[in-house]
2 protein chains.
Amino acid sequence: MCPRRPSAHHAIRRLEAGRPSRSGPRSGERYCHSVNRRPTLADVAREVGVSAKTVSRVLNGDGPASARTREQVLAAVAKLGFQPNLMARNIRVGGPDTTIGLIIPDLGNPFFGTVASGIEDTVRDRGLTLLMGSSADDPDRERALADKFLARRISILMIVPSVGADHSYLKAHRAAGLPIVFADRPGVGLAADSVVSTNRAGAHDGVTHLIAHGHRRIGFIGDLPTNLYTRRERLAGYRAALQEAGLPYHRTLVTNAHDQHEAAAATSRLLGLADPPTALFAGNNIVALGIIVELARGKRKDIAVVAFDDVPLAEALEPALTVVAQNPEEIGRTAATAALARLDGDRSRARTITVPTRLIVRGSGERPVPALQKA
Amino acid sequence: MCPRRPSAHHAIRRLEAGRPSRSGPRSGERYCHSVNRRPTLADVAREVGVSAKTVSRVLNGDGPASARTREQVLAAVAKLGFQPNLMARNIRVGGPDTTIGLIIPDLGNPFFGTVASGIEDTVRDRGLTLLMGSSADDPDRERALADKFLARRISILMIVPSVGADHSYLKAHRAAGLPIVFADRPGVGLAADSVVSTNRAGAHDGVTHLIAHGHRRIGFIGDLPTNLYTRRERLAGYRAALQEAGLPYHRTLVTNAHDQHEAAAATSRLLGLADPPTALFAGNNIVALGIIVELARGKRKDIAVVAFDDVPLAEALEPALTVVAQNPEEIGRTAATAALARLDGDRSRARTITVPTRLIVRGSGERPVPALQKA
DNA sequence: CTGAAAGCGCTAACAT
DNA sequence: ATGTTAGCGCTTTCAG
């Protein structure tokens, strides 16, 4: 039997148990490598009969090394199953950890997942790994995550800002050279790069499409909370389109929803108005789902719909859903590219980069005004 | 002006530029904290006039400390913007990093995003953070990611195994006490916990539903590659249901697709057979999308469909889509719970835990056999 | 209650 | 081509 020296992976349990930890083997006992300590550089060096530095050289390929030693070292590494401790390396080198901290509101939302995917694709060959966490759009959770990431000395910090978050606490980090990029929404209180969709123009295009097809009363169902950046921008685009067409802006036609269920309720509420809208504009993908499900439930094919953000089965609906598609993958790629440029020394002024949206006409916006709907 | 000592965040650039780095300030120059070095424990200690250990004690709350020192230390920490270096701490403490490495095939797929979400929710109050990467179902990429994670001394390793991956290289790690859990698919060559859906039973239920509604020729469109665990299990469930009903198994009715586009093509191929199926079973959510879009394109409302895995707008389709719903959030939670139990010392035998699927009947499976479809 | 010294695993800077 | 020494930022150990 091996003496059970508390292994590294039991450190957490040890803390809880409050058991005093012994750092050396008890007399007459030897360590059993397979259960106890992970092998270190020194172990490999001892095995081969060289110095730790030589092993380091072979593994990192900096200094020279004879073919023979190299072989021996590699053999010992394989034999012992040695894997260099990256934390120890980083601490000595003094550089940042090769991770990129990413904070998004919701891991389960495919929009943000796709953003993350774009980031990963872009940074992979730089050897950076994603450290991810979800904020649930809570500024406190966002801050806690950021602090954790910063304590890890991440190379890059990317945030989809929560509503109400203030980012001035990051000033010193940015000044110290940490690349910080905000995605999907701009940061607050910090001059850092951000990458956002053309929300206002996109909403404008979508609403204009509805107007072009004869709609005069167009409902808007946006995100909650209402001061969310994307909601504000998209509402602005909605209003601009109305104004441009000389149409009045009715507060009663504007409402909001935080999830699919609320969006369905909001839909039903708008349609129940004395003078109901003939078309609906969905402020995001979740709202779109709610609207569509509610319309399907009520068999209301007479209501035109345009949604901000594409949804998976848009083309299979009847009518197929017209959308203002975002490009989350591109948002991720762009944000990552900007961050890497900063990492490479780009010291230019903070910029806001926009990623274009695209109106995809599929039919749901083209319904004629149903003056005769019940005929 | 501050002398621009290469800051920590420029380490990467320095490597590339090959510029020799100087470790001390040049004569007559002083470091400018805001631009250069992050403050360390020693800096805080110096500021207050105490030893580093005292600062450490205050911050970690282990040893005793006078109220006065505590205040002074905290003030200095705030003033300098000190954040303890977690890598340095971990290296000294010898414990694992407080991260959980998670490898999934695709960050953009909401199924895996939701699994990740379930994991995060479960481990958050243990202070663990997610280190994530996508394998693209490539065993080599999976292995490379795992090695990177292991080099970081993660506390837990969770993998959605790629097809063809062998996990015996993890044996030593598991023996050393590293909790390893496979999610969605079991691992290969390693006795470790895994958490999977009741794939076979779920598929059986879905197909039985179709049979109960009179279908005798049921097409199966599954994942590619065909040896993917979930595809094998679901196909087995399909065959079992047929056999149970005394129906013959036709190889020609079984096909596969890797993405939505291929699934649409497969659908069209099956429907073009001399003796085409009257119902289709979709082996996963992506395939389901392809099938539905293709049927919509061809206006084929006469074809019944049941899909494995729920899709967002299932209830808004016409007919609404009947599915065998998985519970990805629960898969994540279960996997995380199992891993935490291991971390807490659970040394029992490796188990395979199943998360039940649920047949959600919405209508698409109930279509009568369309003997008169063209009438 | 506080400090000095040693050391975690690794690599930079000089040896040789 | 290789070894030695020192030290990254922190905590442990042992003395006050």
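Proteins come first, then strands; the chains are lettered A, B, ... in the order of their sequence lines, and each starts at number 1. Keep in mind that what you see is a predicted model, and the values were worked out from it rather than measured.
Applying the 3.5 Å distance criterion, the base of D/dG3 shares a donor-acceptor pair with the side chain of A/Arg57. Under 3.5 Å, the side chain of A/Arg92 and the base of D/dG7 form at least one donor-acceptor pair of N or O atoms.
Taking 4.0 angstrom as the limit, A/Asn60 places a side-chain polar atom (N or O) nearer than this to OP1 or OP2 of C/dT11. Note on B/Thr40: every side-chain N or O is 4.0 Å or more away from OP1 and OP2 of D/dG9. The side chain of A/Ser66 contributes an N or O atom lying less than 4.0 Å from OP1 or OP2 of D/dT2. Residue B/Thr54 places at least one side-chain N or O under 4.0 Å from the OP1 or OP2 atom of C/dG3. Phosphate contact (OP1/OP2 of D/dT2, side-chain N/O of A/Ser51, threshold under 4.0 Å): absent.
Note that CG of A/Asp147 is 11.5 Å distant from CG of B/Leu86, once rounded to the nearest 0.5 Å.
Side-chain proximity of A/Arg89 to the nucleotides D/dT11, D/dC10, C/dC10 is greatest for C/dC10. Nearest to the side chain of A/Ala52, among D/dA1, C/dT2, C/dT11, sits C/dT11. In this structure, the nucleotide among C/dT11, D/dT12, D/dC10 sitting nearest to the side chain of A/Ser56 is C/dT11.
Rounded to whole angstrom, the span from the CZ atom of B/Arg152 across to the P atom of C/dG9 amounts to 18 Å. Following rounding to the nearest Å, B/Asp43 (CG) and D/dC8 (P) show an atom-to-atom distance of 11 Å. If you take CD of A/Gln72 and C1' of D/dA1, they are 14 Å apart, rounded to a whole angstrom. Whole-Å rounding puts the B/Asp97 CG to D/dG9 C1' distance at 15 Å. Rounded to whole angstrom, the span from the CG atom of A/Asn85 across to the P atom of D/dC8 amounts to 18 Å. Distance CZ (A/Arg153) to C1' (D/dC10): 11 Å, rounded to an integer number of Å. Counting to the nearest Å, the P atom of C/dA4 and the CG atom of B/Leu41 are 14 Å from each other. Protein atom CE of A/Met87 is 10 Å distant from nucleotide atom C1' of C/dC8, rounded to whole Å.
Checking each of A/Arg143, A/Glu142, A/His173 against A/His167 for a side chain to side chain contact (heavy atoms under 4.5 Å, CB included) leaves exactly one that passes, namely A/Glu142.
Under the 3.5 Å distance criterion, with hydrogens and angles disregarded, a donor-acceptor pair is assigned to the side chains of A/Arg152 and B/Thr98. Judged purely by distance below 3.5 Å, without hydrogens or angles, the side chains of B/Arg46 and B/Thr40 never pair a donor atom with an acceptor atom.
Shown here are the side chain to side chain contact (heavy atoms under 4.5 Å, CB included) partners of A/Arg68, two or more places apart in sequence or in another chain: A/Ser66, A/Gln72.
Positionally, the nearest nucleotide of DNA chain C for B/Lys53 lies more toward the 5' end than for the other of A/Asp62 and B/Lys53.
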